2 protein chains.
Amino acid sequence: MTPRHPNARTLKESAKGIPEATVARLPVYLRALQGLKDRGVATVSSEELAAAAGVNSAKLRKDLSHLGSYGTRGVGYEVEYLVYQISRELGLTQDWVVAIIGVGNLGRALAGYGGFASRGFRVAGLLDADASIVGERISGLTVEHTDKLETIIKDQGVSIAVIATPAAAAQAVCDRVVAAGVTSVLNFAPVVLSVPEGVDVRKVDLSIELQILAFHEQRKAGGPHEEYIEVHP
Amino acid sequence: MTPRHPNARTLKESAKGIPEATVARLPVYLRALQGLKDRGVATVSSEELAAAAGVNSAKLRKDLSHLGSYGTRGVGYEVEYLVYQISRELGLTQDWVVAIIGVGNLGRALAGYGGFASRGFRVAGLLDADASIVGERISGLTVEHTDKLETIIKDQGVSIAVIATPAAAAQAVCDRVVAAGVTSVLNFAPVVLSVPEGVDVRKVDLSIELQILAFHEQRKAGGPHEEYIEVHP
DNA sequence: CAATGTGAAAGACTTCACAGCC
DNA sequence: GGCTGTGAAGTCTTTCACATTG
């Protein structure tokens, strides 16, 4: 609908409506591109970038085509320009304020994770319900009591909450952060969270990943006729 | 530079042909069922179980139909029986031996994670390259030096390696565990690992999850009227 | 009757293969 | 010549809707 420059896509879906599968890969491309940039590479072909990102090149080109026409035929993509375009598309040109709730082993690991700041995520609060660790300093932040959850979310403008509490506490914490205005939640607790329409939840679950691996591992070890025969040099 | 296939080639489909998307949901159903079992529920309908697992009921029934006909029409599924069938399908009726390589914040969190033992995953080793933490005891295990990686993998029969090292070390560690016989890898390092055919890699990446949330968050904030693309030659 | 199990339809995603442009 | 961008084909996944069965 919105007018764009002349020779742009005739496709029904204009630049908005990027497929979810594509969105999930953009951060991977971004990381690969940043690696290339650090190594001083100025231009990259879809074939090379795809290899660095671990996908096939047709998929990469199709993915990028959803953002616009940022490549040059016969040449490839300009690394720095593409970094900027993907960052912008992902919303990384602005800063996001994050709160981590639950300062156990995992919460501590997350608090110390370097990948935050470098990508525009600012941790504005570490909160825990356990009074014995409130006040402790971790990675430059002081642990606050969860009583202050609503205050911190509002005062600091938190828009993403990371839930790293025990399973039993997760839904209650989630309800509170949502009530306080958070609309994106990254959940590490092993429960399915219920949220109102309009709130996004993503789940990271270690035990599920291991179980999926176990399933495949079992198939490799046991099954009578497997079709993926391993060729051994 | 050995030529390798980038990206873990997902093993096609298992002998019984359970779709990958279904496999990824079985652990979620299993957890929901275990919750029901703990609450003394004996029988559950697809509608109820689907709600507990956060999926739609047609999908649940289709998923379960790939395992066999374990329900009773007009009644539902017997909780305990279904727990057993899914566990068996996932390979959780046997024990899996896991090694965690990289004992930083994240490695410690993983070592202390309770969801392991309860699901048949036994952590047989914690390894790190940093001599200053070798010997430290964490969650009942002594940290070993990565020099012993091959020995531990072989002696203990490790089949799943969890890589929680810094990005720069991850590929080398991966190569070593694969050479020592590991065929399933859970990777927490922010790199794309290359592995030979037949090795399964799953990746967990905090920063990618946050970036995906940021993308959606940005869309919400902007409303249905953003999108003016500058033409940048 | 109630709820499963499942063909068939719809939708999403991936891959192919090549036209078009540099 | 080389490489992008993309329709079209192919594959996988979800959803629908209902015949089937205890």
Side-chain angles (χ1 to χ4, degrees), chain A residues 4-15 17-26 28-29 33 41-79 81-82 85-86 212 227, chain B residues 5-14 16-26 28-29 33 41-79 81-82 85-86 212 229 233:
Chain A
R4 295 160 54 82
H5 64 99
N7 58 357
R9 67 227 87 270
T10 51
L11 229 72
K12 51 275 164 183
E13 291 281 25
S14 79
I18 299 179
E20 204 38 50
T22 296
V23 172
R25 282 187 295 266
L26 290 179
V28 180
Y29 302 155
L33 284 164
V41 178
T43 289
V44 68
S45 70
S46 66
E47 204 72 53
E48 294 163 327
L49 181 52
V55 302
N56 122 346
S57 68
K59 191 189 280 183
L60 173 84
R61 290 198 301 278
K62 179 78 80 177
D63 282 343
L64 294 184
S65 79
H66 288 111
L67 312 191
S69 243
Y70 298 142
T72 308
R73 290 167 200 248
V75 178
Y77 302 88
E78 207 221 299
V79 172
Y81 183 53
L82 198 50
Q85 291 298 345
I86 294 178
I212 296 170
E227 67 230 50
Chain B
H5 277 82
N7 197 19
R9 199 54 249 131
T10 334
L11 298 178
K12 282 306 166 114
E13 258 187 22
S14 53
K16 275 191 201 157
I18 299 181
E20 202 42 48
T22 296
V23 172
R25 282 186 297 265
L26 290 179
V28 180
Y29 302 155
L33 284 164
V41 178
T43 289
V44 68
S45 71
S46 66
E47 205 72 54
E48 295 162 327
L49 181 52
V55 303
N56 120 347
S57 68
K59 192 190 279 185
L60 173 84
R61 289 198 302 279
K62 176 77 78 176
D63 282 343
L64 294 183
S65 79
H66 288 112
L67 312 190
S69 244
Y70 297 143
T72 307
R73 289 167 201 247
V75 178
Y77 302 89
E78 208 222 299
V79 172
Y81 184 53
L82 199 49
Q85 290 299 345
I86 295 178
I212 296 170
I229 304 279

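None of the values given here were measured: they were computed from a predicted structure. Protein chains get the first letters and strands the later ones, always in sequence-line order, with residue 1 at the start of each.
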Checking B:Ile86 against B:Leu64 for the side-chain contact (heavy atoms from CB on, under 4.5 Å) test, could you report, in this order, the C-alpha distance in whole Å, the side-chain angles of both residues, the deciding distance, and whether it holds? CA-CA 9 Å; B:Ile86 295 178; B:Leu64 294 183; 4.2 Å; yes
Take atom [atom1] of [X] and atom [atom2] of [N], then tell me their distance rounded to the nearest Å.
{"X": "A:Glu48", "N": "D:dG2", "atom1": "CD", "atom2": "P", "result": "14 Å"}
{"X": "A:Leu49", "N": "D:dC3", "atom1": "CG", "atom2": "P", "result": "14 Å"}
{"X": "A:Glu20", "N": "C:dT14", "atom1": "CD", "atom2": "P", "result": "11 Å"}
{"X": "A:Leu60", "N": "C:dT15", "atom1": "CG", "atom2": "C1'", "result": "14 Å"}
{"X": "A:Glu47", "N": "D:dG1", "atom1": "CD", "atom2": "C1'", "result": "16 Å"}
{"X": "A:His66", "N": "D:dT6", "atom1": "NE2", "atom2": "P", "result": "9 Å"}
{"X": "A:Leu64", "N": "D:dC3", "atom1": "CG", "atom2": "P", "result": "16 Å"}
{"X": "A:Gln85", "N": "D:dT4", "atom1": "CD", "atom2": "C1'", "result": "16 Å"}

Extract from the structure each pairing of a protein N or O with an N or O of nucleotides 9-11 of chain D at less than 3.5 Å, listing the distance.
none

Chi angles and distances behind the side-chain contact (heavy atoms from CB on, under 4.5 Å) call for B:Leu82, B:Leu49: CA-CA 11 Å; B:Leu82 199 49; B:Leu49 181 52; 4.1 Å; yes
Under the side-chain hydrogen bond (donor to acceptor under 3.5 Å, both in side chains) rule, collect the residues that match up with A:Glu78, sequence neighbours excluded.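 A:Glu78 satisfies side-chain hydrogen bond (donor to acceptor under 3.5 Å, both in side chains) with no other residue.
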Partner residues of A:Ser57 under the side chain to side chain contact (heavy atoms under 4.5 Å, CB included) criterion, sequence neighbours left out: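 A:Ser57: side chain to side chain contact (heavy atoms under 4.5 Å, CB included) contacts with A:Ser46, A:Glu47, A:Ala50, A:Arg61.
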Could you pull out all residues at least two apart from B:Ala21 that satisfy side chain to side chain contact (heavy atoms under 4.5 Å, CB included)?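 For B:Ala21 the side chain to side chain contact (heavy atoms under 4.5 Å, CB included) partners, ignoring immediate neighbours, are B:Arg25.
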List the atom of [X], the atom of [Y], and the distance in Å for their closest heavy-atom pair.
{"X": "B:Ile18", "Y": "B:Leu67", "value": "CD1-CD2, 3.6 Å"}
{"X": "A:Thr43", "Y": "A:Val41", "value": "O-CG1, 3.3 Å"}
{"X": "B:Lys59", "Y": "B:Asn56", "value": "N-OD1, 3.0 Å"}

Do the side chains of A:Glu20 and B:Ile212 get nearer than 4.5 Å, heavy atoms only? yes
Could you tell me if the side chain of A:Tyr29 sits less than 4.5 Å from the side chain of A:Leu60, heavy atoms only? yes
Check this one for me: any side-chain N or O of [X] less than 4.0 Å away from OP1 or OP2 of [N]?
{"X": "B:Tyr70", "N": "C:dA3", "value": "no"}
{"X": "A:Ser46", "N": "D:dT4", "value": "yes"}
{"X": "A:Tyr77", "N": "D:dG5", "value": "yes"}

Kindly compute the distance separating OG (B:Ser45) from OH (B:Tyr77), expressed to the nearest 0.5 Å. 9.0 Å
Output the distance between atom CG (B:Leu26) and atom NE2 (B:His66), rounded to the nearest 0.5 Å.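 That separation rounds to 10.5 Å.
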B:Ser65 vs A:Thr72, nearer the 5' end of DNA chain C by closest nucleotide: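 That would be B:Ser65.
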Could you run down nucleotides 14-20 of chain D 5' to 3' and tag each one B, S or - for protein heavy-atom contact under 4.0 Å? SBBB-BB
Got a list of protein N/O to nucleotides 9-11 of chain C N/O distances below 3.5 Å?
none

